[in-house]
Amino acid sequence: MHLLSIVWHRQCQHQSSTPTESLSLSSASSESLVALYIRSSDPFPEVEDFIQESVERYNLDLVTVEACYKDALQWLNKHRPSLKAVLMGTRRTDPFASDLSPFVMTDSDWPQFMRVNPILDFSYSDIWRFLRDLSVPYCSLYDQGYTSLGGRSTTLQNPALRMLDEDTGKVSYLPAYLLSDGDRERDGRTKKKQ
């Protein structure tokens with residue numbers, strides 16, 4: 001998001017009618033990036049706070065839809081018909097992503113968007129190296145042992161990060177970036193209750 005925001009704002013700056021006008025990452029421009037937030041029915045307050053901070057930091061035009069992924073894209077297609085592509089945070093290790101390519105259209109029975117997957121081949125450790133080396137802000141829950149975020153009813157701290165103080169019996173969790181086995185990223189996710 002940082003890199004995309006910089007490119008977007010530089011493009012807006014070049015199109016500005018006043019050459020002395022400067023843009024910061026959070027300054028308003030005539031065009032804002034549209035960000036789709038598919039909210040769970042029971043979101044973490046920390047996720048909601050992070051979303052709002054990101055809207056302000058990157059000058060995003062936030063569209064919030066509480067629906068399944070396909071229905072959210074249908075809503076977006078209907079209400080923002082000029083959008084033709086969606087930038088995704090999908091990685092090859094995510095469910096149903098093993099056969100994706102960096103640029104791929106949605107399936108034929110879905111609303112038609114070009115899915116752009118810039119981090120498709122990033123590993124779990126690549127993501128954390130990028131975020132930490134460049135000091136990119138992230139949701140505070142990751143520092144509390146969560147490694148994959150969904151709703152409160154389907155997301156727990158990752159058991160692979162659980163620490164027990166033998167002397168006090170106190171349980172704590174390491175931060176997400178210390179997870180050594182990226183294949184265990186989703187170990188804190190539970191099945192949705194019916």
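Computed from a predicted structure; not experimentally measured.
Without hydrogens or angle criteria, Ser32 side chain to Asn59 main chain gives a donor-acceptor distance under 3.5 Å.
Other residues sharing the hydrophobic cluster of Val86, ordered by chain and number and joined by side-chain separations under 4.5 Å: Val34, Leu36, Ile38, Val63, Val65, Tyr69, Leu73, Trp75, Leu76, Leu83, Met88, Trp110, Phe113. Under a 4.5 Å side-chain heavy-atom criterion applied to ILVMFWY residues, the cluster that includes Leu120 comprises Leu100, Val104 as well.
The side chain to side chain donor-acceptor pair (under 3.5 Å) search around Thr64 returns none, not counting sequence neighbours. Shown here are the side chain to side chain contact (heavy atoms under 4.5 Å, CB included) partners of Met114, two or more places apart in sequence or in another chain: Ala85, Phe103, Met105, Val116. Under the rule for a side chain to side chain donor-acceptor pair (under 3.5 Å), Ser140 has no partner lying at least two apart in sequence or in another chain. Taking the side chain to side chain contact (heavy atoms under 4.5 Å, CB included) definition, one finds that Ile119 meets it with Arg91, Phe122, Ile127, sequence neighbours left out. For Gln157, there are no side chain to side chain donor-acceptor pair (under 3.5 Å) partners at least two apart in sequence or on another chain. Judged as a side chain to side chain contact (heavy atoms under 4.5 Å, CB included), and not counting sequence neighbours, the contacts of Asp109 are Lys70, Asp107. When the side chain to side chain contact (heavy atoms under 4.5 Å, CB included) test is applied to Asp181, the partners found at least two apart in sequence or on another chain are Asp183, Arg184. Scored by the side chain to side chain donor-acceptor pair (under 3.5 Å) test, Asn158 finds Thr147 as partners (sequence neighbours excluded).
Listed by first and then second residue, the side chain to side chain donor-acceptor pair (under 3.5 Å) pairs involving residues 169-180 amount to none (not counting sequence neighbours). Sorted by first and then second residue, the ring pair (Phe, Tyr, Trp, His ring centres under 6.0 Å) pairs with a member in residues 137-164 read Phe44-Tyr146, Trp128-Tyr138, Trp128-Tyr142; sequence neighbours excluded.
Heavy atoms from other residues, nucleotides or ligands lying under 6.0 Å from CG of Asp165 number more than 12.
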